[in-house]
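Chain letters run A, B, ... following the sequence lines, proteins first and then strands; every chain starts at 1.
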There are 2 protein chains.
Amino acid sequence: MATLKDIADAAGVSIGTVDRILHNRGRFSAATAEKVRRLVDEMDYTPNIHARGLKKTGRRSFAAVIPDIEQDAGYWRLVSAGIERASRELASFCEPVVTFSYDQFSTESCLSAIAAAAGSGADGLMIAPVMPPEGIEQLRKMDIPFMFIDTDVPGLEKRLAFIGQDSFQSGILSGRLMKMLTADSTEEKSGPILILEPEAANSHLQSRADGFVHFLSNNKPELEFEYLQVQTDTEKDFHQSLETFFSRKKRLPRGIFALNSSVYFLASYLDPAGQRFRDIPIIGYDLIEGREYYIENETINFILTQQPEEQAYRGIMLLYDTLVLNRTVGRDITVPLNIITKENLHTFTAGNKENNQEFVYE
Amino acid sequence: MATLKDIADAAGVSIGTVDRILHNRGRFSAATAEKVRRLVDEMDYTPNIHARGLKKTGRRSFAAVIPDIEQDAGYWRLVSAGIERASRELASFCEPVVTFSYDQFSTESCLSAIAAAAGSGADGLMIAPVMPPEGIEQLRKMDIPFMFIDTDVPGLEKRLAFIGQDSFQSGILSGRLMKMLTADSTEEKSGPILILEPEAANSHLQSRADGFVHFLSNNKPELEFEYLQVQTDTEKDFHQSLETFFSRKKRLPRGIFALNSSVYFLASYLDPAGQRFRDIPIIGYDLIEGREYYIENETINFILTQQPEEQAYRGIMLLYDTLVLNRTVGRDITVPLNIITKENLHTFTAGNKENNQEFVYE
DNA sequence: ACCTTTTGCGTTATCGTTAACGCAATTCTA
DNA sequence: TAGAATTGCGTTAACGATAACGCAAAAGGT
């Protein structure tokens, strides 16, 4: 590998000059610059990441802004785990990542968390914004760079990237799976497809629902849909919402689509009820630790997920790559939409063990 | 973050001593050792990965042993791409990874490729072994560490890890999907499930078939199975095999399961034929660049994949982590079994853009 | 013509870890 | 007990990139 010194020798100048040229910090002649840049190209020079990282050790710090860890049935706990993992891995060369959490049902809370994070001295922010348009102005005024996970806010100058999923498309995918699950027309099942809408659903969840309905109305027009607003604050509230609903209904739904991880609350309601709800196809979102049981016993047929742990991990790593190592990062990563069912469940949960890396000395 | 110097100061010794103790390379007293180790624990010392990497720059080299890049309809090309990506990323601190390829239908060829790789001066090997039991002895005698991808050979002293999928389980998953795809019993479809077996199928592919049949005979006992041996050397040979088969048959198969990426050859045979083969559910393996068309137009209903590019990338990185950075790595990573269908296809292919990272200078 | 900037470049200390080297003090050997 | 070997430790030069600093020579200003 060519080093700065190799380039310098080849160009007949010192490493200081080469460095100044590559970083464009003045004090060099156009002629030398041209020669150096040509040599950098020819000799295929790539900065040594370790040398760069070493020099910049311990000077940067990042902060994350996400909803409260208890909200969304544990979804944000996974995000938090990803942040933790990245933080540990970067421990040698960054301050620990500080997380600012907020109440996802309050725009004000979100904005003040962002303000707090921005004022914390961090060099970069990872934000999961549940952000109505009015909030944008505050972001526009911020002077530190940030990236978004989960939900995007495009068109901001300091925005580095977005890592998230295509919500509408994920709804479409759910629709496809639901079509398959309801293909069995031997039994007489005529109920509607039930869509469980968390209260205060964000545009995200709305897109999922839209994609779902869009696919099915095009591909299985005979289906009817019914929306049910549910309380997702606690498991008990959620069960209450369902109890009310099912006690009024004579017809069982033909299938149920839960827009987020509240699908596990649904499962914990239906599963103990036994025979009555057996065979209702259920599709929902997110793999929550400790809730795998309901996938294993097929109460839940399909879970879709964007691997939030991984997503958050990569968000922090992106900040590091961009701000510390000065890599340019391809913007707007669309994360894979994973389909999880009983048979591949364990390949998504067991894999986490791989990260139990420890340093050894020799 | 605590550094070696912090530990040394706290212990009242020099960094040289601390280093010798942590690396266990003699010349220290038991008392000092105990004190230092206690302090390392207390002060939560973690070696700075960049400093370590910098010091060890450019000394290690790795080699990969995989089947010929043209075999398996492009599968190994993906593996190769993953190796390349890792190699690029490690360029600052390792020699470029050298790949030794072999003919997957010849054990001898495989063993001699391994021998060549082992003799190439590499410090570690990543091997994709298509390896009958007799070959194992040669591996046992090797004196450099190695890891396996794709297929495992357990019980060897120098074996560092295995990264691959659970083949049987992936067959089970295929079975589940096939059950769903054949749930629609309105039309009279009574043909058997056709399983396409590549000639010289390894134990890997056999397990997939076994899992598939296992699931379906338990969960849909009325299904019949029919195995068809196919030539997978070239697309033309493959089409020939199919032509012979279909010209003899009056009944169309109820579904087709291809054990590997030859599913695309199947698709290129069936798709132009138009109406006749429409609506036969097809499940196969691996996402091959340039062949996505057949998933998009739903000739192929489901593709399963273990993301071979990612798998190979992580294999090389594992060698680096283990042998250069002295991290211990959790053994035997089971990679996620991804289910790909028209609706999430693009999230698996577009994601590669994210890796177009380039260095910038300031 | 003299003084001040600016330009163009080289030199150097630094980041934390590694491992070779050196040097006493102690222990062992003949 | 002299000489050799071993033990316990400190010192130091890398690894490559970065950026502060210094210093000539050239350009600009009066």
Side-chain angles (χ1 to χ4, degrees), chain A residues 1-36 40 43-60 90-95 323-327 359-362, chain B residues 1-36 40 43-60 90-95 323-327 359-362:
Chain A
M1 274 312 286
T3 69
L4 266 192
K5 184 157 190 324
D6 298 333
I7 304 287
D9 290 350
V13 295
S14 75
I15 54 167
T17 304
V18 176
D19 186 63
R20 256 176 283 120
I21 292 169
L22 293 183
H23 290 80
N24 242 319
R25 40 185 182 83
R27 304 301 195 89
F28 53 83
S29 71
T32 344
E34 208 251 336
K35 192 202 287 179
V36 164
V40 161
M43 302 173 66
D44 200 28
Y45 166 75
T46 305
N48 184 309
I49 231 177
H50 285 326
R52 187 176 268 183
L54 178 57
K55 195 68 203 1
K56 302 198 162 200
T57 284
R59 296 230 298 266
R60 305 300 181 116
L90 294 176
S92 328
F93 19 97
C94 291
E95 304 289 318
L323 301 175
V324 178
L325 299 181
N326 292 344
R327 289 185 188 220
F359 285 96
V360 288
Y361 316 95
E362 187 54 282
Chain B
M1 274 310 289
T3 70
L4 269 191
K5 185 157 187 327
D6 298 333
I7 304 288
D9 290 350
V13 295
S14 74
I15 54 167
T17 304
V18 176
D19 186 64
R20 255 174 285 120
I21 291 169
L22 293 182
H23 291 80
N24 239 319
R25 39 186 181 82
R27 303 297 197 91
F28 53 84
S29 71
T32 343
E34 209 251 336
K35 193 200 287 179
V36 164
V40 161
M43 303 173 67
D44 201 27
Y45 165 75
T46 306
N48 183 308
I49 226 176
H50 286 324
R52 185 177 269 183
L54 178 58
K55 195 67 199 10
K56 302 199 159 200
T57 284
R59 295 233 299 268
R60 303 302 180 114
L90 294 176
S92 327
F93 20 96
C94 292
E95 303 289 318
L323 301 175
V324 179
L325 300 182
N326 294 344
R327 289 185 189 222
F359 285 95
V360 289
Y361 314 96
E362 187 57 279

Study note, to complete from the structure: On DNA chain D, more 5' by nearest nucleotide between A:Lys5 and B:Gly16 is B:Gly16
Point to revise | Nucleotide C:dT12, atom C1' - distance to CG of A:Asp19 in whole Å | key: 13 Å
Review point. Heavy-atom distance under 4.5 Å between the side chains of A:Thr32 and A:Val13, does that happen here?
Key: yes
Review point. Is any side-chain nitrogen or oxygen of A:Arg52 closer than 4.0 Å to OP1 or OP2 of D:dT18?
Key: yes
Check your understanding: Quick one: is C:dG10 close enough that its OP1 or OP2 comes under 4.0 Å of any side-chain N or O from A:Thr17?
Key -> yes
Exercise for review: Indicate yes or no: at least one non-hydrogen side-chain atom of B:Leu4 is less than 4.5 angstrom from one of B:Tyr45.
Suggested key: yes
Check your understanding: What is the distance from CD1 of A:Ile21 to P of D:dT18, rounded to the nearest Å?
Key -> 14 Å
Review point. Below 3.5 Å, does any donor atom in the side chain of A:Arg20 face an acceptor in the base of C:dG10, or the other way round?
Key: yes
**Study point:** Whole-Å distance separating the NZ atom of A:Lys56 from the C1' atom of C:dG16
**Key:** 17 Å
Review point. Taking only N and O in the side chain of A:Thr3, is any of them less than 4.0 Å away from OP1 or OP2 of D:dC15?
Key: no
Exercise for review: Decide side chain to side chain contact (heavy atoms under 4.5 Å, CB included) for B:Leu22 and B:Val40; before the verdict, give the C-alpha distance in whole Å, the side-chain angles of both, and the deciding distance to 0.1 Å.
Suggested key: CA-CA 9 Å; B:Leu22 293 182; B:Val40 161; 3.8 Å; yes
Check your understanding: Between D:dG16 and A:His50, is there an OP1 or OP2 to side-chain N/O distance shorter than 4.0 Å?
Key -> no
Review point. Roughly how many Å is it from CG in A:Asn48 to C1' in C:dG16, rounded to a whole number?
Key: 14 Å
Point to revise | Between P of D:dT12 and NZ of B:Lys55, the distance in whole Å | key: 16 Å
Exercise for review: Rounded to the nearest angstrom, tell me the gap between atom CG in B:Asp9 and atom C1' in D:dG10.
Suggested key: 13 Å
Exercise for review: Identify, between A:Ala33 and A:Ile15, the residue whose nearest nucleotide on DNA chain C lies closer to the 5' end.
Suggested key: A:Ala33
Review point. D:dC9 P sits how many Å from B:Arg25 CZ, rounded?
Key: 14 Å
**Study point:** B:Arg27 or B:Leu54, whichever maps to the more 5' nucleotide of DNA chain D
**Key:** B:Arg27
**Study point:** Atom-pair distance (CG on B:Leu4; P on D:dC15), nearest Å
**Key:** 19 Å
Practice item. Could you say whether A:Ala51 or A:Val13 is positioned toward the 5' end of DNA chain C, judged by the nucleotide with the nearest heavy atom to each? Key: A:Val13
Exercise for review: For C:dC9, take OP1 and OP2 only and decide whether either is under 4.0 Å from a side-chain N or O of A:Ser29.
Suggested key: yes
Point to revise | A:Ser14 side-chain N/O to C:dG10 phosphate OP1/OP2 under 4.0 Å | key: yes
Point to revise | Within-4.5 Å side-chain heavy-atom neighbours: B:Thr3 and B:Ile7 | key: no
Check your understanding: Between B:Arg20 and B:Arg27, is there a donor-acceptor pair closer than 3.5 Å when you use the side chain of the first and the backbone of the second?
Key -> yes
